*Asks:* 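Okay, here's the structure, questions in a sec.
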There are 2 protein chains.
Amino acid sequence: MARAGLTTERVVRAGAELADEAGFDQVTVSAVARHFGVKVASLYSHVKSSHDLRTGIALLALEELADRGDDALAGRAGKDALSALGNVYRDYAREHPGRYAAAQLRLDPSTAAASAGVRHARMTRAILRGYDLTEPDQTHAVRLLGSVFHGYVTLELGGGFDHSAPDSQETWNRILDSLDALLRNWPAN
Amino acid sequence: MARAGLTTERVVRAGAELADEAGFDQVTVSAVARHFGVKVASLYSHVKSSHDLRTGIALLALEELADRGDDALAGRAGKDALSALGNVYRDYAREHPGRYAAAQLRLDPSTAAASAGVRHARMTRAILRGYDLTEPDQTHAVRLLGSVFHGYVTLELGGGFDHSAPDSQETWNRILDSLDALLRNWPAN
DNA sequence: GCATTTACCTAAAGGCTTTAGGCAAATCAG
DNA sequence: CTGATTTGCCTAAAGCCTTTAGGTAAATGC
């Protein structure tokens with residue numbers, strides 16, 4: 001019987017594609033096995049558990065996002081950098097909704113520490129170098145940007161902004177403008 | 001055999017409690033049945049399906065949240081109202097993490113239209129009456145507030161702001177200040 | 001007190017997860 | 001190139017969750 005040539009890498013990647021097509025909560029060891037035309041038990045050589053599979057997808061997504069972020073930030077500063085990073089998250093979520101959902105998965109501390117999550121924090125801080133903030137304001141600002149980006153993308157993805165004028169793109173532009181203005185003019189205390 | 005006295009209401013409420021204690025993804029018809037000391041099949045007279053149970057919890061959460069919001073907004077305006085509504089979401093999420101997660105569940109359009117979700121939109125617009133915005137800026141602002149509140153609460157709940165100074169409360173205060181400043185001084189175009 | 005409704009039950013089928021143990025294909029040694 | 005080892009996928013099986021069908025007993029109503 002010919003072998004399917006599975007590896008952890010391929011299994012996780014197939015899971016990620018399934019997540020984008022059918023939703024992250026539809027990602028199941030069984031479904032991935034079906035995709036490869038293989039019995040379920042066979043996947044357990046490549047993935048420790050269902051949760052492990054999901055974690056793998058989350059780590060993949062975090063890394064892809066961080067890679068895109070690095071690319072987008074290269075050579076940019078100030079509002080340019082701000083918009084670029086915001087668009088990375090927004091575009092990624094629209095292109096890969098399942099992966100984006102996976103990236104929100106709560107990781108246990110040691111996994112999180114070894115993930116690309118730390119690169120994300122660094123990227124947001126890099127943006128703030130274009131503005132004049134020192135600690136602890138920088139941390140407040142990091143959290144604000146994280147909240148807005150994540151919140152907006154999540155609500156938009158959930159369809160919250162469909163079916164009503166003005167369209168979502170316009171609001172997004174206004175929000176980026178507002179954040180830029182806010183950071184340039186950060187309230188003293 | 002004595003009856004347990006189940007009703008849809010009680011079943012959903014038990015599900016909500018389970019969500020808060022164990023996480024929304026742990027909410028299962030079986031678990032709720034165990035809680036009542038009843039066979040699983042018995043719950044299917046009160047709840048159409050597992051999905052229906054989860055939807056019920058989501059609707060409950062949306063309503064509880066809207067009730068709290070109405071209370072909090074009564075007699076307040078401007079920054080006072082802004083803080084009050086923000087705190088409603090944040091406090092609710094901390095007190096009832098499972099219910100809050102449930103409230104994010106994607107509802108089908110007709111269910112959503114009949115839910116307390118519409119009250120939420122109204123509440124946010126009510127806040128903006130204290131600021132000088134007209135359409136379409138008002139809609140942009142509604143979306144911004146929604147994004148920040150939801151994003152912040154989600155990240156905080158996920159533990160994103162633990163283990164690092166300054167503490168989350170301080171950031172939250174600064175964010176409310178910033179939003180107020182931004183709304184008072186909304187960029188002309 | 002009897003009929004009807006209602007609440008909960010047993011039974012059963014189907015799906016997902018996970019572990020244990022087996023066989024055959026790929027890989028490697030001499 | 002052949003025999004030994006490793007590795008990949010398989011069968012089997014147990015446990016839990018969902019959902020439907022049909023039965024019995026408790027509550028309700030006349």
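Given the structure is predicted, the values throughout are model-derived calculations rather than measurements. Per chain, numbering begins at 1; letters A, B, ... match sequence-line order. Only heavy atoms go into these numbers, but all of them, side chains included; no hydrogens, no water, no symmetry mates.
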*Asks:* Mind running a 4.0 Å heavy-atom check of residues 7-36 of chain A against DNA chain D and sending the residues that fall below it, in number order?
*Replies:*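 Here the set is empty: none.
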
*Asks:* Could you tell me how far apart B:Y44 (OH) and D:dT19 (C1') are, to the nearest whole angstrom?
*Replies:*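 Answer to the nearest Å: 5 Å.
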
*Asks:* Quick one: label A:L43 by what it contacts on the DNA or RNA (base, sugar-phosphate, nothing), any heavy atom closer than 4.0 Å.
*Replies:* nothing

*Asks:* Decide yes or no for A:H140 and A:L133: does some side-chain heavy atom of the first lie under 4.5 Å from some side-chain heavy atom of the second?
*Replies:*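 The answer is no; the side chains never approach within 4.5 Å.
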
*Asks:* Not counting sequence neighbours, list each pair that qualifies as a salt bridge (Lys or Arg N to Asp or Glu O under 4.0 Å) and has a residue in residues 33-48 of chain A.
*Replies:* none

*Asks:* Answer yes or no: does a side-chain N or O of B:H51 lie under 4.0 Å from OP1 or OP2 of D:dT18?
*Replies:*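 No, because none of the side-chain N or O atoms of B:H51 sits under 4.0 Å from OP1 or OP2 of D:dT18.
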
*Asks:* C:dC9, OP1 or OP2 - any side-chain N/O from B:S42 closer than 4.0 Å?
*Replies:* yes

*Asks:* What about B:Y152 and B:F161, are their ring centers closer than 6.0 Å?
*Replies:* yes

*Asks:* Would you say a side-chain N or O of B:H46 is under 4.0 Å from OP1 or OP2 of C:dT6?
*Replies:* no

*Asks:* For a quick check under 3.5 Å, do A:T139 and A:R143 share a side-chain donor-acceptor pair by atom type?
*Replies:*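 There is no such pair (donor and acceptor under 3.5 Å, judged by atom type) between the side chains of A:T139 and A:R143.
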
*Asks:* Kindly determine whether A:E63 and A:R99 satisfy salt bridge (Lys or Arg N to Asp or Glu O under 4.0 Å), including the steps that lead there.
*Replies:* CA-CA 11 Å; A:E63 204 160 312; A:R99 282 157 150 103; over 6 Å; no

*Asks:* Just how far, in rounded Å, is P of D:dG22 from NZ of B:K39?
*Replies:* 21 Å

*Asks:* Could you tell me whether the phosphate oxygens of D:dG8, OP1 or OP2, come under 4.0 Å of any side-chain nitrogen or oxygen in A:S45?
*Replies:*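 So the side-chain polar atoms of A:S45 never come under 4.0 Å of the phosphate oxygens OP1 or OP2 of D:dG8.
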
*Asks:* Compute the centroid of each ring, for A:Y92 and then for A:H96, and state whether the two points are separated by less than 6.0 Å.
*Replies:* yes

